[in-house]
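First the proteins, then the strands, lettered A, B, ... as listed; each starts at 1.
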Amino acid sequence: MKQSRRNFLKFAGLSAAGLCLAPSVTALASEGGHGKAHEVVNANSLHAKRWAMVIDTRKLNTEEEINALAEVCHHIHNVPTIPTKQNVKWLWEATYAEAFPNQEDNYPSEDVEKRKFPLLCNHCESPSCVRVCPTKATFKRPDGIVAMDYHRCIGCRYCMAACPYGSRSFNFMSPRKYLDMDKINMKFPTRMRGVVEKCNFCVERLAVGEMPACVEKSNGAMTFGDLKDPNSNVRKALRENFTIRRNPAAGTEPGVYYII
Amino acid sequence: MQYGGKIIAGLVIFLGLVSLPFWFNVGGKYEQPKVELPKNAKECVAPIEDMRTSHMKLLDEWRDMALREGKRTYISADGKEYTISLVNTCMQCHNSKKEFCDKCHTAAGVTPYCWDCHVPPKEAK
């Protein structure tokens, strides 16, 4: 057969079209095997438009009580206790002046002056840590929880510099050195050296339908619920009590409220 | 071709040196590592061949799904539900890191850093 330019062009065009189609055909073919396999949200997980916490400091204000909560939190999340400034903390206690430095009175009531306040990540509405994170390792979930993806964290600590509440800790060394590996919570990972960590509002517990560990342990002094739902328990607590939030001037709109 | 002989000889020596590792292994047979399969489970989330070739891809997708999108349940092709969790699901069946994960990873010369954070199940002694 005599090869004409016309025939050659036809053949070239068809081959090019075939090459374009080939990947999508193989993709379709390979999907046949596990095409239906997919990930879904747990059936019994708890949902909210905006998770928030209200802490009643009239009921919960001593060092022992708060340390007991911290112990539970730190145990289930494998948070090490390091006896130096390099300690890692998810939940800790502070005085009024430390917790609310901009809202301090010069002659506070004795009651408030004596109180200790539980501090944790505020899971802000506009979190500055998320804004500065170069790898999007820290991110805000649609339900308002500010979470960490330790797989992505490169340990630059911009988030620590940006957080107005000091809620983040850096793992200067492998936390496993300071954990009793026989007694850790096997169901939760530890962290590795060189990542920043923080309280996660117990997302892993919400995912299976449980309340955060500190809320469960607090005997009703902490309320956890949906801020966007007018009938929720947090809105009820906010309606009935005077509350303040930490460092309102920072403009981050914290999700943790304190009843004074 | 003034230096033809030298150039060709040099090329042959060079190619011989570069392909030395290949010649060393020629004739040797690759043996697939014998991993210990779970005793108490018959099937995995996907066919064995798929898991063997692309479990790393699956795990990579899972970690984003679970952590970033909150999707922590996996429905496999045959409709079974699994909780997405390396330690709480995968390692419940594959309960020996040494006999299952490490054997292949050592043979393939890869060192995934999963275990820097995720806690492998305790090895029976």
field: Contact residues of residues 180-196 of chain A (partner chain B; heavy-atom separation under 4.5 angstrom)
entry: A:M181, A:D182, A:I184, A:M186, A:K187, A:F188, A:P189, A:T190, A:R191, A:M192

field: More than 12 heavy atoms of other groups within 6.0 Å of A:Y158 OH
entry: no

query: Would you call B:I84 and A:E39 a side-chain contact if the rule is heavy atoms closer than 4.5 Å?
result: yes

task: Would you mind checking which part of A:K136 comes under 4.5 Å of any heavy atom in chain B, side chain (CB onward), backbone (N, CA, C, O), both or neither?
output: both

- request: Give the C-alpha distance, both sets of side-chain angles, the deciding distance and a yes or no for side chain to side chain contact (heavy atoms under 4.5 Å, CB included) between A:V41 and B:T73.
  value: CA-CA 6 Å; A:V41 175; B:T73 302; over 6 Å; no

- request: Please indicate whether B:Q92 has more than 12 foreign heavy atoms, meaning atoms of other residues, nucleotides or ligands, lying under 6.0 Å from its CD.
  value: yes

- prompt: Just wondering, are more than 12 heavy atoms of other shown residues or ligands nearer than 6.0 Å to CG in A:N219?
  reply: no

- line: Minimal heavy-atom distance between B:A77 and A:A37, with the atoms involved, is N-CB, 3.7 Å

message: If you count heavy-atom pairs within less than 4.5 Å of chain A, which of B:E81, B:R68, B:R63, B:R72 leads?
response: B:R68

query: Just by modelled atom types, is the B:C117 backbone N or O under 3.5 Å from a matching donor or acceptor in the A:R176 side chain?
result: yes

Distance (rounded to the nearest 0.5 Å) between B:S76 OG and A:H38 NE2: 10.0 Å

- line: Here the gap from B:L67 atom CG to A:E204 atom CD, rounded to the nearest 0.5 Å, amounts to 10.5 Å

- prompt: More than 12 heavy atoms of other residues, nucleotides or ligands under 6.0 Å from CG of B:L11: is that the case?
  reply: yes

Residue part contacting chain A, namely of B:V119, when any heavy atom lies under 4.5 Å: both

